[in-house]
Every structure is written in C-alpha cells, then in structure tokens.
Amino acid sequence: MFESYIGQVFDGRYQISKVIGVGGMSVVFEAYDNVMKRAVAVKMLKDEIAHDTQSVKRFINESKAVAMLSHPNIVKIYDVSVKENRKYIVMERIEGITLKNYLNKKGTLGLREMLQYTEQILLALEHAHAKGIVHRDIKPQNIMLLKNGVIKVADFGIAKLPNVETVTMTDKAIGTVYYISPEQASGKKVDRRSDIYSLGVLMYEMCTGKLPFMAESPVSVALMHVKDQPKRPSELAPTLPKGLEQIILGAMEKQPDKRIQSASQMLRLLERVKKNPDLVFKTKKNPGEITKLDMSLKKSNTVMQKRVRRSMFPIIAGVTCAFLIVASVTMIYMVQQLLTEDKAISIVVDNFVGQKYTDEMAAQMRSSRYDVSVNYINSHEAVDTIIKQSIAPNSRKKVQEGGVLAIQFDVSLGEKTMQLEDYKGQLKSDVINQLRDLGLIVQEAEIVTQNDDEIGSGRVISTSPSAGSVVTEGDKITLTVSLGKALTRVPIGYYVGMDLKEAKKEIEKLNLKKVEYEEEYSSTVEKGKVMAQNFNNGAEVVAETTTLIITVSKGPEEEPDE
C-alpha cells in the first residue's frame, strides 16, 4: 500500500526510491536528497494515525530529542516536516540490522563482542543524559548494528526531554516490558538510571542468550521487574567473569539509589573488567564492625550504672574507662586515616562556569575522576554553556583511590523554543490565552482580519510565523482572524412601473437572499405592474442579509353592487 509513494519527491527535495521498513506507527523509505546529494532514510507517520494526537506527539518528540543530539553512536536526523498532509523525519541511511535480529541468529555473544557493543551504547547514553534526555526504551530492537561493528541507538519516540511534556507510553510500546525498569513499570518518575537498568537487562540477554524475566502476559513480566530477583547470569553462563556479573546485577538493582548511577560510572567499571577479566569488585565494609563497637560502649555504660550507687571511686573509674575507650577509638580512627591518607587523591575543583559543555569535556572530566550529572535549563546564555556548578570553584576535595567526585552542572539549553501548533478554526480568545501561557507575545491591536468562506467569524485562520515553525519564548505572534464569509453589495434598480414578470427577471440578477412580493389595490396603477419598492433606485444593499419588498398593483378595488 506504500508503493504509491515510490517516485514521489517530498517538498521538492527528497525523492522516494523504495520501502525499507514498516512499523506500527510509521513507514521508512529509502530516498535521495537532491540538495545534499546523498542517500537518506525518510520515516513517515502512517496516514491512518497522522491525526492521532498521541502518535503525532511521539513522532514530534523523536525529532526534538534527536535534533538535540550529535553523536556517532546515535542515528542522525537531518530534517523534520510536520505539515498537515504529511509528517516525516529525514535520517541518515544505515546499512545494518537490529541487534535483536543479530541476537536471534547468534544466541549469546562473546565477552569481547558484548563489551564492544555495550560501551558504544553507554557512550550514546552518556551523551543523551548529558543533554538531559532519557531514552526510556532501550532494547535490542532499537539498537542498529552496522557491518563494521558500529552501534547506532535509534527511536527516541518516548524519550523524556528536559522541560518538555513527557510522552506517555502506550500499548504501542508494550514490547519494552521485557527491558522496562521497575520505576517505569510502576509509573514512578524516571531518570537516567532507568536507561541503565534497561541496558543491564540487555547485557544479561547478550551474555546468557535469555531474558531475566519471562511470563505468559506482559503485565506479569512487568511485575517481575518490580518484585522478583533474576537468576544470576553465571548460572546460565558459567564462564562469565565475576566482575562482569557484578556490573550486570548492579545495573539491574530494583532501587535506583542502589543501582549503578550513570553511564560514565558504568564505562569506568567495564574498563577495569576489560583490563582484568578476573577482577572481583570489593563490597562495602562489614557493618557488623560498627555493631561490635556499639555493644562495647553499651556494656561499659551498664557497668557504670550498676556501680553508681556504691561509691564515687567506681564512678570516677567508670568515667576514666569510658574516656579511655573513646580515646582509643579516636586514635584508631586517626591512625586509619593516616594509613589511608596516601591512598586519597586531592582534587582542586576548577571554575567551569562559562565554559561550553561538550563530549570532549565530559570525557576529560571522566578521566580526571569526576562523575558529572547535568541539569539542562533554558536561559539567555548560549547553548551548552555551563551556568552553575554544585561544588564551589577552587574547593579542594579528596577522592579515594578508584573513587570519583560527583559534581552537577546547570547547562544552558538556550532560550526556550517550541513548535507552533496549528490553531486554525479555534476561537481568537482561546488562542491568545494559549500563546500567552507559552510565553509568546500577541498584540490584539495588530490582529489581521479578513473574510473567509470556510472559517466562522471570530476564529483563527492562520498565524505568523506559520504552524509547525520553531519559535522562541518572547517571540511575537500575529494572528489572522476570520470575519466570516465576505458580504456582497449590490445596487437596487428602479422597478416601479414594470410588469411583475419583467421586474422579477431584473431582481433575480442581484442574487438577493430574500425578496418578498406584496399586492395592493390601486386605482392609478395598472394591475400586474410594480407600484412601490422599499429601497430607492441605486441604493447599495448586502445581498446576503437584505430583504427587498416589491408591491404589485391588484388594480382598482371593485365597488360593491348597490
């Protein structure tokens, strides 16, 4: 049914050559960009859902998300068109298959190959998360594998964008349930750690050839993500390195706060496993040591309480004993600090405010033991400019060997932009309120009015800039509002003295909405002739609203017989 598009040229530029894929919401064509002279892929929203609000939102969301990104491991978007009759995204043409198809053919992946793909996905996520974008749909169906081994992350249709209304997941995305994070399945707030969980599930599948949770219904699978613990990957893949298993399970922790916190952190952990496949990560210190110390202090206090009634000497002895215990603990702590002092690295935090946050800076900071999280906000500063940092410049911070220093940046998204909706046919007052709520300026004194045969009076015909245009908060929008149908003015002729038949012929030429004919007796005007009219000769009247009244003579009134 999509073959009819082959040979067409979209917007005088993209020549469609063949269909290369059909999904639930869209169809993907191979095309040639006649301007840039290159092969491209055109992803077009299907006609039958082009007017479905949720589908259009998801489609536009994808274009907005990827337009903010530029990374070798993310599918590039070149152009977007959301016109009334056709909505499509122009993307780079990729020669490859989905990671899902590849896994179906190969089953499990070797350690080197799995790490190679995972690292590329993490680099893509690191870039997206730095821009404030959470993918929310990481699964092998959305990962493209090129012939040269390069990974491309695609389909940002349900991504969570900074400062943009979230697109709700619908049944169209139900396939994601096998990779969904617990917080996403529970309808709770998601952040970058949700993508980390989904990637952990994908790693589990690549290593073992199986999904961690399977059930008869999608709802049951979602509940398993929330409540159940997966079987350890090493039970299915005995040769799996212990350190890699720890990373997979660390990414799949139920509680986001206990999970691996960022793509940057996960990259560092994988790098250590690559260098030493036999590595086993150390767990935190045994909390029982603190419990023992608490018990010893409680015991000393109990002894003091028993002897308090006997004499002052035992009290003094008890206080002295307690003092010695505290002093000993303090000394032990100080010695431990001195012993570990040389293992800590001192970092002087630079002043990053005013610098441009780039992938190169992120990579450099990662190598300098920073774990950077980014909060993107709209501002008048240039895009990607660091506005604020969570740790004061020139502060000196100590980081244990192998540890990282967490720092957060507020980074500029530039001035707030938005895509102008199509307000055609809506009431003028409603449109003005909507535009002002968006921070756009509408001057009622500058509203343009004109007649329109289709749009009723007081309703919007169009906006300037036009629907679909990208505008900035504070921009001025001019409305064109309908006066309703144009009224036709016609000149009234002089019909008095004409025969009724002749007068009707002349009046019909005026196309008046309403003409009434009345009869009256007249002793001076011949029967059947016009004797009066309610508008003077030459008067201009509105054809659509005027009623012309013609009075016709009935001749003299017959006198009664005497």
Side-chain angles (χ1 to χ4, degrees), residues 21-26 45-46 48-49 52-59 61-62 97-109 118 121 125 134-144 153-160 166-237 245 248-256 258-260:
V22 179
M25 288 177 52
S26 58
L45 199 62
K46 288 182 177 178
E48 59 264 32
I49 58 173
D52 176 64
T53 304
Q54 192 68 16
S55 298
V56 174
K57 270 187 180 181
R58 179 174 176 179
F59 195 76
N61 199 68
E62 178 174 9
I97 62 171
T98 66
L99 185 56
K100 186 65 176 178
N101 287 340
Y102 184 70
L103 288 173
N104 287 341
K105 292 178 181 178
K106 196 160 184 182
T108 59
L109 304 184
T118 303
I121 297 169
L125 290 178
V134 182
H135 191 286
R136 300 202 308 169
D137 202 13
I138 292 296
K139 57 184 178 182
Q141 294 91 328
N142 288 338
I143 309 294
M144 296 299 298
V153 177
D155 198 349
F156 282 75
I158 63 167
K160 180 179 179 293
T166 296
V167 175
T168 305
M169 284 187 67
T170 67
D171 57 343
K172 295 182 180 67
I174 199 66
T176 311
V177 76
Y178 295 104
Y179 305 87
I180 198 170
S181 67
E183 60 271 24
Q184 199 171 351
S186 305
K188 297 177 181 177
K189 184 179 179 181
V190 301
D191 55 27
R192 63 183 183 177
R193 295 171 295 185
S194 184
D195 286 344
I196 297 298
Y197 182 93
S198 298
L199 180 55
V201 177
L202 176 54
M203 291 173 68
Y204 188 107
E205 184 181 17
M206 287 191 286
C207 289
T208 66
K210 298 183 181 298
L211 286 162
F213 301 116
M214 292 291 290
E216 292 182 0
S217 71
V219 173
S220 298
V221 175
L223 288 174
M224 292 173 77
H225 278 289
V226 176
K227 297 179 179 180
D228 296 353
Q229 291 298 327
K231 184 180 288 188
R232 300 189 74 85
S234 57
E235 293 181 37
L236 301 171
E245 180 179 67
I248 293 171
L249 296 177
M252 290 179 61
E253 281 283 353
K254 303 292 183 190
Q255 298 179 34
K258 293 183 178 181
R259 199 176 297 159
I260 293 174

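As a basis for the values below, the full set of heavy atoms in this structure was taken, side chains included, without hydrogen atoms, waters or symmetry mates. These numbers were taken from a predicted model, which means no experiment stands behind them.
Screening D228, I248, V201 for a side-chain contact (heavy atoms from CB on, under 4.5 Å) involving P212 leaves a single residue, V201.
By the 6.0 Å contact criterion, NZ on K210 is open, its count of non-hydrogen atoms from other residues, nucleotides or ligands being 12 or less.
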Verify side-chain contact (heavy atoms from CB on, under 4.5 Å) between T208 and K231, making sure each step is shown before the conclusion.
CA-CA 11 Å; T208 66; K231 184 180 288 188; over 6 Å; no
Criterion side-chain contact (heavy atoms from CB on, under 4.5 Å) on V221 and I180, from CA distance to verdict
CA-CA 9 Å; V221 175; I180 198 170; over 6 Å; no
Worked verdict on L99 versus L202 for side-chain contact (heavy atoms from CB on, under 4.5 Å)
CA-CA 10 Å; L99 185 56; L202 176 54; 4.1 Å; yes
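Listed for the Q184 side chain is a donor-acceptor partner under 3.5 Å among the backbone atoms of R136. A donor-acceptor pair under 3.5 Å is formed between the side chain of H135 and the backbone N or O of A154. A donor-acceptor distance shorter than 3.5 angstrom exists from the side chain of S198 to the backbone of Y179, with no hydrogens or angles considered. For the pair E245 (side chain) and S234 (backbone), a donor-acceptor distance under 3.5 Å is present. When atom types are taken as modelled, the side chain of D195 and the backbone of L125 share no donor-acceptor pair closer than 3.5 angstrom. A distance-only check finds a donor-acceptor pair linking the side chain of R259 to the backbone of R193 [under 3.5 Å].
The two residues L103 and P140 make their nearest non-hydrogen contact at CD1-CB, 4.3 Å. Of all non-hydrogen atoms in Y178 and M214, the two that sit nearest each other are CE2-SD, 3.8 Å. Scanning all heavy atoms of the two residues, the minimum distance from I121 to L199 falls at CG2-CD1, 3.9 Å. Here the shortest heavy-atom pairing between S220 and A215 reads CB-CB, 3.6 Å. Nearest heavy atom pair, residue I260 against residue A251, reads CD1-N, 3.8 Å.
Between E205 and K100 there is a salt bridge, since at least one side-chain N of the basic residue sits less than 4.0 Å from a carboxylate O of the acidic one.
Counting heavy atoms from C-beta on, the side chains of T98 and M144 come closer than 4.5 Å. You'll find the side chain of Y197 stays beyond 4.5 Å of the side chain of E253, heavy atoms only. Under the 4.5 Å side-chain criterion, counting only non-hydrogen atoms from C-beta, L249 is in contact with P233.
With rounding to the nearest 0.5 Å, the separation of NZ in K254 from NZ in K227 is 11.0 Å.
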